[in-house]
Amino acid sequence: MILIIDFGSQYNQLIARRVREHHVYCQIEPPNLDLDRIRALKPEGIILSGGPASIYEKGSPRAERGIFDLNIPILGICYGLQFMIDALDGEVIRAQKREYGFAGLKIRRPEGVFASIEKETPCWMSHGDTIGRLPEGFRITASTDSTRVAAAENRAKHFYGLQFHPEVVHTPAGKKMLGNFLFEICGCKKTWTMKSFARDTVEEIRARVGDGKVILGLSGGVDSSVAAVLLQKAIGRQLTCVFVDNGVLREGETEKVRALFSRHLKINLRFVRAKKRFLDKLKGVEDPEKKRKIIGRTFIEVFDQEARRIRDVGFLAQGTLYPDLIESRSAFGGPSAVIKSHHNVGGLPKKMRLKLVEPLRHLFKDEVRLLGRELGLPDELIWRQPFPGPGLAVRIIGAVTEKRLSILRKADVILLEEIRAANLYRKVWQSFAILLPVKSVGIMGDQRTYENILAIRAVTSDDAMTADWAKIPHDLLGRIANRIINEVRGVNRVVYDISSKPPSTIEWE
Ligand code: XMP
C-alpha cells in the first residue's frame, strides 16, 4: 500500500485516485500520524501531498521527521517537496514570482520518476514558494523557465520531489510519473481490484461483526445499496436493512426498492411507512433549512425506533464514502460555512450507541459503482442519479403538501422518461423538476388558466462540487415541457434553469 500524507491540498484526493487507477491500494492520512502507526501500515511508499501553507510560517503542518529514516521511498509533491527539503536541512524561500498554471518542464535525464518520459513536457504549477538550497545528497532533475528546482531527487535514499502537480490532467505525463514511483521505485504490484477488495472486505466484516446483528438504513441510492449487498454476502441474515418511506420520495420508489432487495436479492428488509409523520411535521414549513432539519431529525427518530425492535442489534452499517471521511478530518479542516444541512444516514451514530461498520469508507464513488457491478447489482441501480436525503421536499419551494407532491411526482416521471429515451440519463449528473410557488396565466383550449410554474434542472458534473447546466437539445426540452403541461394538471408553464454551481447550487433548497 501507499501512504499519502495530507497537507491539505485541494488535489490530494486526486493523488489517491491516480494511485488506485494504477491498481495500487492507498490511504490518505493526516500529517500527525505517528511513526508507530506508519510502520504498522507497512507502506511500500509515502507520498507527501501539496498544501496551501508556507513551510516557514509558524504552525505550518509537518509530518514526523522520522519518516525519512524508515528506509521507505518518499515522493513529495509541491508543499510535500518543500516539507521534505526543509526537514532535511535544505532551504525553502518565497518565490520572486508566484507561478500558477502551465509551464514547460525540461527533464535532465529520463530516469527515476521520469523514466520513459519525453525530455520536454507540460506540467501544472501552483506555488508561491520555491527551493532555495537543496539538502546534501539531492540534485535537480528538472527545471522550468521560472523554477530552477522543478524536480529533485536523492537517488540513494529514494527521495523524490516534484514542485508541480503530477496528479492533475494538466500534467499529461503525470500519471506515468506516479506509475514510475509506484512500480520502479517502490516495487508495488498491481493487486488492487474490486474483486480483491470485495473478498478482503467480506472477511473484514465477518471478523469485526462475529455473530452480532447489524442494521443498515437503505435509501435506494448506490452507496447504501452496495453496502447492503456486501454485508449480505458477509453475514447474511444477521443484517437487517431498514427503508423509511418519508412521504417525499419519487413515484414508485418503495416498490422498486422492495422488488430489488427483498424479492430479487433476498435481503432482510423492513419497510417503515412514516409518510404521515413526516408530512405532519412539514406542514406549513417554508424555510429550506427548517425542512432539512425536520426531515433529518424525524428520520433519526423513526430509524431509532425500528432499531429498538430488533433485539440485540450491535452494529450500524453505513455507505460512507472516502471523500466524506477525508473532508471531515482534513489537515486544514476548519468548519466550512453551512450552505445546506445535508441529511444522510451519516448523522445517525452520534445519537445511537451502536458500533459503526463502514465497508465503503476507502472508496470513491466510481469505485463503488465498479464494486456494485462486481457484486452483480443491476446497471439501472448502479447508474442511478443522486437523490437528496430530504427528497422532493427540497424541490417544492414553499410548503410541502400532498397535492404539490403529486404534481411534482408526475412531472418528474415524464422528465426522467424523456431524458432516458434521449439517452442522456447517464450523461448528465442529475436531471429533475422543481415546483415553484409562483403562478402564471396561460390559455388552454379557450379557457384562461392560472397555474403553477415548474422548473427543470439538468446539470453536468464530476463530483457535485461544481456543476454546469446541461446543454439539453432544444427539441427535447420542448417535448418535455409540452408533455408536462399537457399531462400534469396544475402546471401551465415550464422553464429551464441555466445557472451553474457556483454561484447557484444544484438543488434549489
Ligand atoms: P447542492 O444542492 O448542494 O447539491 O449543490 C450537491 C449534491 O448533493 C445532493 N444533495 C444531497 N445529498 N443529502 C444527500 O445525500 C442531502 O441532504 C442532499 N442535499 C443535496 C444533490 O442532489 C447534489 O447531487
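Computed from a predicted model, the values in this text were never measured in an experiment. Note that ligands are numbered from 1 as they come in the structure, with each ligand's atoms numbered from 1 the same way.
Those atoms of ligand 1 with a heavy atom of Lys501 less than 4.0 angstrom away are 1 (P), 3 (O), 5 (O), 6 (C). The distance from ligand 1 to the heavy atoms of Thr505 drops below 4.0 Å at these ligand atoms: 1 (P), 2 (O), 5 (O). Proximity to Pro390 (heavy-atom distance under 4.0 Å) selects the following atoms of ligand 1: 16 (C), 17 (O). Atoms of ligand 1 found under 4.0 Å from any heavy atom of Trp429, numbered from 1 in the order shown, are 24 (O). Atom numbering of ligand 1 starts at 1 in the shown order; those under 4.0 Å from a heavy atom of Arg292 are 16 (C), 17 (O), 18 (C), 19 (N), 20 (C).
Looking at Arg395 next to ligand 1, no N or O pair under 3.5 Å apart turns up. No N or O atom of Pro386 sits closer than 3.5 Å to an N or O atom of ligand 1. The distance criterion of under 3.5 Å between nitrogen or oxygen atoms is met by Ile506 with respect to ligand 1.
Using a 3.5 Å distance cut-off with no hydrogens or angles, the side chains of Gln318 and Glu358 do pair a donor with an acceptor.
Using a 4.0 Å cut-off between charged nitrogen and carboxylate oxygen, Arg395 and Glu507 count as a salt-bridge pair. Note on Lys410 versus Glu251: no salt bridge recorded, every NZ/NE/NH1/NH2 to OD/OE distance being 4.0 Å or above. Here Glu203 does not pair with Arg199 in a salt bridge; the nearest charged N to carboxylate O distance is not below 4.0 Å.
Geometrically, Arg258 engages Phe271 in a cation-pi contact defined by less than 6.0 Å to the ring centre and at most 45° from the axis. Figure legend: Lys471 and Trp469 shown as a cation-pi pair, the cationic atom lying under 6.0 angstrom from the six-membered ring centre and within 45 degrees of its axis.
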